[in-house]
A.B. asks: 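Handing you this structure, nothing more for now.
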Protein chains: 2
Amino acid sequence: MEVHQLRYFCAVSETGSFTRAAEREQVAQPSLSQQIMKLEEELGVRLFDRLGRTVRLTGFGQVFLPRARAILGELKAAKDEVAERQSAVAGPVSIGVIPTIAPYFLPLPLALFSRKYPQASINVAEDVTARLMDRLRAGQIDLAILAMPLRGHDLETFNLRTERLFAIMPRAHRLAKKRKIMLKELRDQPFLLLREDHCFRDTAIEVCKRARVVPKVVFESGQFSSILAMVGAGLGISIVPEMAVEQRPDCSYVAVADDRASRTIGVVTLKGRYLSRVQQAFLAHLHTFSQKDN
Amino acid sequence: MEVHQLRYFCAVSETGSFTRAAEREQVAQPSLSQQIMKLEEELGVRLFDRLGRTVRLTGFGQVFLPRARAILGELKAAKDEVAERQSAVAGPVSIGVIPTIAPYFLPLPLALFSRKYPQASINVAEDVTARLMDRLRAGQIDLAILAMPLRGHDLETFNLRTERLFAIMPRAHRLAKKRKIMLKELRDQPFLLLREDHCFRDTAIEVCKRARVVPKVVFESGQFSSILAMVGAGLGISIVPEMAVEQRPDCSYVAVADDRASRTIGVVTLKGRYLSRVQQAFLAHLHTFSQKDN
DNA sequence: GTACTTCCATAGTCAGTGCCTATTGAACTT
DNA sequence: AAGTTCAATAGGCACTGACTATGGAAGTAC
């Protein structure tokens, strides 16, 4: 049973003539006759009575007609729905962001995108890198914003920006007045760091390692704001990316001057993953926020 | 958009693999891939993400899947319904019968058929020949039982039986004791006949005409039982077919011996009209009631 | 690391079939 | 009786869906 056979059948039913049906369906009359016969053969019943000049539905034809119409209607509806979803920059976009980026970077792009495409609904999942990658591969999120670089042959990435790192210390600290600092100067300082599954912890430890510094960790947290408060209270010092720098009366920030003491954030998508128009639009939107050489 | 494309699409969705889907659909894997691609092209969206080893529905695919399933289901349902109606000797049979046959001939065949096929539902329309023919040609009834012969190239007929005619007269009538009678003996008798649109009236007048008798009509009715009652009351005489003969204390019946003084009843269907299995069965059933040379 | 396996996509060929034109045959009209 | 107007039939052509063979990529086994 083929779609065009149903179309032809409905056309004959509605025009009451093979000839007129053929005209309507833009096909030669014998071709249409042939397809109707084939349909009748498959069903095992006659659908039309050919009574000389007139063609009329048989009882079976009358039973079959509404069903054929329904099927053609649903075929069209299915196609239309897909087209509808395709044409509109609307629908869901699920993104993932790590906690050390989310509150600093995301608000502005999100707000602007929502204003530009009110039909779009963006869903943000805040989680650590490892779990975000799982979700990305599982298709639960469409893209993720996290720290670069990332290993993985099944991924596609682009960088958003590279930020310098800052040492944060109590205002009264002896190094607090400097404009720049080398990490080796921080040797033996008590360190406050993020918890283990946060990638910026690794970043911080990595840059320290390059400066031959092994940080002595005295406090761990899941968010910078806790660390900032603790540093302000004089518990020790820490390292944060530029975007986490927030003026506080009890803290001072000093730029870290070491080579490669930076964090790069970027966007990652799954290679081969098909993105709808909204999803593509959001990706493009993020591109406009990338700042090369920064 | 073709039916097999929907089938393939569902197969891939359900097996999660082009290869397994191809096996299930008994088709080579490249053919299936090709059709899926074609479907995606027509819809203008990707339905699957091909992620290395795994294949997963895109958002569009998820939207399209239930619709595709529904369509395939309805396609099957449509076919099944027709098959169901075809296989079972069940459903409606609409027949027409003229009033001068209905009460005498029909009860037995109807009862036997209903007992044999309890699923069948027979609808009887009792009307005069002209209107029955209209209904037959309009497809409102499937066959008609009426007096033969019938002119019409678009008809198919077969005879059920030929009956002799009987003169009916009051028991006290001077001719009532005869075993046979010639119509010419009835000249000048007052006649009771059916109304004009009843074909047996024409039959009666026709046989009289052949005997050079012009009946003097004193009463007209739409049914034999009225005529019988009136004859019994002494109003006049009449002519009835054999099946209308019914023993009454006040009437006598005398066989009409004229050549060709008979009525033939038969069944008529529309040429080229498709009959369902019940309808065909009823027609065949009527055949078993035909009595040749009677 | 290398070979093997398992995917899906690509390339090229072939056969089935849906469509075409031309024609027939039947029924209706003039 | 000739002319129309139907649907069906006949025969030819081209599209396309299916096939086999192969390639490339990714995962698995040794």
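Convention: sequence-line order gives letters A, B, ...; per-chain numbering from 1.
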A.B. asks: When you measure from every atom of DNA chain C, which of residues 20-41 of chain B have a heavy atom less than 4.0 Å away?
C.D. replies: Gln29(B), Pro30(B), Ser33(B), Met37(B)

A.B. asks: Just call it for Phe48(A): base, sugar-phosphate, or nothing, with non-hydrogen atoms closer than 4.0 Å on any strand.
C.D. replies: nothing

A.B. asks: Do Arg67(B) and Glu74(A) touch side chain to side chain, with heavy atoms closer than 4.5 Å?
C.D. replies: no

A.B. asks: Which nucleotide of DNA chain D is the first, and which the last, in the 5' to 3' direction, to come under 4.0 Å of a heavy atom belonging to chain A?
C.D. replies: dT5(D) to dG27(D)

A.B. asks: Considering heavy-atom distances to DNA chain D, does Glu2(B) or Phe18(A) have its closest nucleotide positioned more toward the 5' end?
C.D. replies: Phe18(A)

A.B. asks: Any side-chain heavy atom of Gln86(B) within less than 4.5 Å of one from Phe60(A)?
C.D. replies: yes

A.B. asks: Given Glu25(A) and Arg20(A), is the salt bridge (charged side-chain N to carboxylate O under 4.0 Å, His left out) satisfied, shown in steps?
C.D. replies: CA-CA 9 Å; Glu25(A) 295 296 325; Arg20(A) 280 193 297 278; over 6 Å; no

A.B. asks: Does Thr58(A) use its side chain to pair, donor to acceptor, with the backbone of Arg46(A) at less than 3.5 Å?
C.D. replies: yes

A.B. asks: Hey, does Thr54(B) reach any base, or is it just sugar-phosphate, or nothing, if we go heavy atoms under 4.0 Å?
C.D. replies: nothing

A.B. asks: Hey, does the side chain of Asp49(B) reach the backbone of Tyr274(A) with a donor-acceptor pair shorter than 3.5 angstrom?
C.D. replies: yes

A.B. asks: Would you indicate, yes or no, if dA9(C) has its OP1 or OP2 atom less than 4.0 angstrom from a side-chain nitrogen or oxygen of Arg50(B)?
C.D. replies: yes

A.B. asks: Would you call Glu42(B) and Lys38(B) a salt bridge, using N to O less than 4.0 angstrom?
C.D. replies: no

A.B. asks: So, do Leu106(B) and Val124(B) sit near enough that their side-chain heavy atoms are less than 4.5 Å apart?
C.D. replies: yes

A.B. asks: Nearest-Å distance, CG (Leu6(A)) to C1' (dG18(C))?
C.D. replies: 16 Å

A.B. asks: Report the distance from atom CG of Leu146(A) to atom CZ of Arg263(A), rounding to the nearest 0.5 Å.
C.D. replies: 10.0 Å

A.B. asks: Mind checking the CD-CD1 spacing from Glu126(A) to Ile95(A)? Nearest 0.5 Å is all I need.
C.D. replies: 10.5 Å

A.B. asks: Any side-chain heavy atom of Arg273(A) within less than 4.5 Å of one from Leu275(A)?
C.D. replies: yes

A.B. asks: For residues Pro99(B) and His198(B), determine if any side-chain heavy atom of one lies less than 4.5 Å from a side-chain heavy atom of the other.
C.D. replies: yes

A.B. asks: Could you pull out the protein-nucleic contacts involving nucleotides 26-28 of chain C (nitrogen or oxygen on both sides, under 3.5 Å)?
C.D. replies:
| residue | atom | partner | partner atom | Å |
| --- | --- | --- | --- | --- |
| dC28(C) | OP2 | His153(B) | NE2 | 3.4 |

